[in-house]
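Heads up: the structure comes next, in structure tokens.
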Amino acid sequence: KYETMNYGTKRFEGGLTGKKALSDAWLLSGFASAKFYMLDTEFKNIVDDNIRNGKSRFLDGETEIRAAWDPNIFNSVLAGFNANFQTIQGDSFRGIKKQLLLSLYAQDTITIGASEQFLIVPGLRFDISPPLEQNKILWQITPKLSLKYNPFKSTALRFAYGMGYRIPTFKQKHWLFTHDYASGAGNFILYGNPNLKPETSHGFNLDLEQKIGKFVNLNVSGYFNYIQNLIDNYIIGYDPGSGKYNRSYGNVDKALTFGGGISVHSKFKRTVLGASYAYTGAMGYSAS
């Protein structure tokens with residue numbers, strides 16, 4: 001009753017998309033977008049007449065250009081360039097923080113056999129972040145490979161491998177967020193960590209789709225992800241004076257996520273029936 005927390009937000013968004021067919025084999029497409037987000041907070045304690053105000057400003061601009069090329073009936077090539085520029089300004093640090101991520105990517109969908117019996121999709125992506133705020137250039141090359149095989153008309157087998165790369169966001173590196181409207185561990189201050197490392201991962205997926213008769217579809221799938229420097233937040237201390245927990249972002253040295261599922265669906269003229277079961281698990285390891 002004697003404490004209040006008021007939030008005020010404003011968001012402005014805009015974007016353009018377009019595409020142009022240069023010929024039967026070439027297609028250009030792309031988009032440009034901009035987002036501006038403002039967050040103002042006011043925490044007031046009537047007992048000690050304490051008022052704390054916080055302001056944050058976020059700007060996110062992104063542009064992507066894609067080129068699709070179909071040289072023949074066996075290949076379909078996709079290549080593109082992406083640029084993402086972000087800024088953040090807030091009371092928890094001085095000045096304006098800036099971050100730029102540039103990406104080049106390409107993939108080829110290769111068709112083998114009649115009726116697309118066998119599909120292979122290799123791909124490669126290159127990400128680079130110039131040293132606008134960090135001390136060094138951040139970059140990573142990430143491959144991918146997807147396979148689809150139809151041994152029979154009623155059976156489809158899929159396998160996919162992909163490497164992931166994610167640099168820390170501004171929120172995770174710099175933002176200070178006060179969470180006052182909960183009790184216990186939900187009453188906390190979340191601090192950014194400018195020393196976060198980029199997160200990398202290796203993901204594997206296996207999927208079997210089987211049609212049984214005219215009306216029943218069976219799907220069995222499984223996945224496994226190996227993640228290095230997983231970005232997560234955790235409790236780093238407790239302040240008895242304010243009654244708040246202190247939380248911060250950090251890197252988990254190694255983490256595993258795994259799981260799978262099975263589902264059965266039946267589609268009739270006026271009725272659809274389905275049942276599914278999924279299992280997920282995770283394990284983490286930190287050298288510290």
Side-chain angles (χ1 to χ4, degrees), residues 15 17-33 60 62-86 99-130 137-151 155-169 197-209 219-231 254-261:
T17 62
K19 60 182 179 180
K20 174 68 175 179
L22 303 180
S23 66
D24 293 339
W26 283 94
L27 175 66
L28 292 179
S29 62
F31 70 87
S33 66
D60 187 344
E62 185 176 9
T63 300
E64 181 166 301
I65 300 174
R66 297 181 296 266
W69 178 42
D70 297 322
N72 50 60
I73 62 174
F74 304 107
N75 298 87
S76 181
V77 180
L78 177 66
F81 167 76
N82 181 279
N84 185 268
F85 179 70
Q86 299 179 3
Q99 182 169 275
L100 175 64
L101 180 64
L102 304 175
S103 304
L104 291 170
Y105 61 89
Q107 72 174 36
D108 185 12
T109 301
I110 305 171
T111 304
I112 301 175
S115 303
E116 298 184 349
Q117 185 179 14
F118 192 20
L119 292 178
I120 305 175
V121 186
L124 199 66
R125 184 182 181 97
F126 174 68
D127 295 294
I128 183 170
S129 180
I137 296 176
L138 301 176
W139 65 275
Q140 183 68 50
I141 297 176
T142 54
K144 64 166 285 186
L145 177 65
S146 300
L147 306 174
K148 179 186 177 184
Y149 176 53
N150 294 89
T155 305
L157 294 170
R158 296 181 179 89
F159 169 80
Y161 160 76
M163 182 179 177
Y165 176 72
R166 186 169 72 91
I167 63 175
T169 65
K197 300 176 182 178
E199 180 181 297
T200 58
S201 63
H202 298 271
F204 301 85
N205 295 270
L206 186 62
D207 183 89
L208 167 64
E209 184 176 336
N219 184 272
V220 181
S221 62
Y223 69 89
F224 171 80
N225 297 306
Y226 173 71
I227 308 170
Q228 293 177 293
N229 295 320
L230 173 69
I231 299 174
K254 299 176 183 178
L256 304 176
T257 62
F258 49 88

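Residues that satisfy the side-chain contact (heavy atoms from CB on, under 4.5 Å) test with Ala32, not counting sequence neighbours, are Thr63. Trp139 is linked by a ring-ring contact (aromatic ring centres under 6.0 Å, His included) to nothing, counting only residues two or more places apart in sequence or in another chain. Contacts of Asn219 classified as side chain to side chain donor-acceptor pair (under 3.5 Å), with partners at least two apart in sequence or in another chain: Asp207. Considering only residues two or more places apart in sequence or on other chains, Leu157 meets the side-chain contact (heavy atoms from CB on, under 4.5 Å) condition with Tyr149, Leu208. In this view, Ser76 and Asp70 satisfy the side chain to side chain donor-acceptor pair (under 3.5 Å) rule, not counting sequence neighbours. Checked against side chain to side chain donor-acceptor pair (under 3.5 Å), Thr155 has the following partners two or more places apart in sequence or in another chain: Gln210. With sequence neighbours left out, the side chain to side chain donor-acceptor pair (under 3.5 Å) criterion links Tyr105 to Glu64. For Phe31, there are no ring-ring contact (aromatic ring centres under 6.0 Å, His included) partners at least two apart in sequence or on another chain. When the salt bridge (charged side-chain N to carboxylate O under 4.0 Å, His left out) test is applied to Asp127, the partners found at least two apart in sequence or on another chain are Arg125. Judged as a ring-ring contact (aromatic ring centres under 6.0 Å, His included), and not counting sequence neighbours, Phe258 has no contacts. Partners of Phe224 by ring-ring contact (aromatic ring centres under 6.0 Å, His included), not counting sequence neighbours: none found.
Distance OG1/Thr169 to CD/Gln86: 7.5 Å, rounded to 0.5 Å. To the nearest 0.5 Å, the span separating CG on Asn84 from CD on Gln99 amounts to 8.0 Å. Put simply, CG on Leu145 and CD1 on Ile120 are 7.5 Å apart, with the number rounded to the nearest 0.5 Å. Rounding to the nearest 0.5 angstrom, the gap separating the OG1 atom in Thr257 from the CG atom in Leu230 is 9.0 Å. Interatomic distance, CG of Leu147 versus CG of Asn205, reported as 12.0 Å (0.5 Å rounding). Going from atom CD1 of Ile141 over to atom OH of Tyr165 covers 11.5 Å, rounded to the nearest 0.5 Å.
Identified under the salt bridge (charged side-chain N to carboxylate O under 4.0 Å, His left out) test for residues 160-169, with sequence neighbours left out: Arg166-Glu199.
For the side-chain contact (heavy atoms from CB on, under 4.5 Å) criterion with Ser129, the lone passing option out of Ile137, Leu101, Leu100 is Leu101.
The shortest distance between side-chain heavy atoms of Leu124 and Leu104 does not fall below 4.5 Å. Inter-residue side-chain proximity for Leu102 and Phe81 is flagged as met; some heavy-atom pair is nearer than 4.5 Å. A heavy-atom distance below 4.5 Å is not found between the side chains of Lys254 and Leu256. Contact annotation: the side chain of Glu209 approaches that of Arg158 to within less than 4.5 Å [non-hydrogen atoms, C-beta and beyond]. Phe204 has its side chain out of reach of Leu206: every pair of non-hydrogen atoms, C-beta onward, lies at least 4.5 Å apart.
With hydrogens and angles left out, the side-chain atoms of Ser103 and Asn82 include no donor and acceptor closer than 3.5 Å.
Across Asn225 and Gly203, no two heavy atoms sit closer than the pair OD1-CA, 3.1 Å. Counting all heavy atoms, side chain and backbone alike, Pro198 lies closest to Pro168 at CA-CD, 4.0 Å. Here the closest heavy-atom approach between residue Ile231 and residue Lys197 is recorded as CD1-O, 4.0 Å.
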For Thr111 and Ile73: C-alpha separation, side-chain torsions, deciding distance, then whether side-chain contact (heavy atoms from CB on, under 4.5 Å) applies. CA-CA 8 Å; Thr111 304; Ile73 62 174; over 6 Å; no
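Ring planes of Trp26 and Trp69: parallel class, angle under 30° (limits at 30 and 60°).
A 6.0 Å sphere centred on CZ of Phe74 holds no more than 12 heavy atoms belonging to other residues, nucleotides or ligands. Residue Asp24 places its CG atom among 12 or fewer non-hydrogen atoms of other residues, nucleotides or ligands, all under 6.0 Å distant.
Not a single donor-acceptor pair under 3.5 Å links the side chain of Ser221 to the backbone N or O of Gly260.
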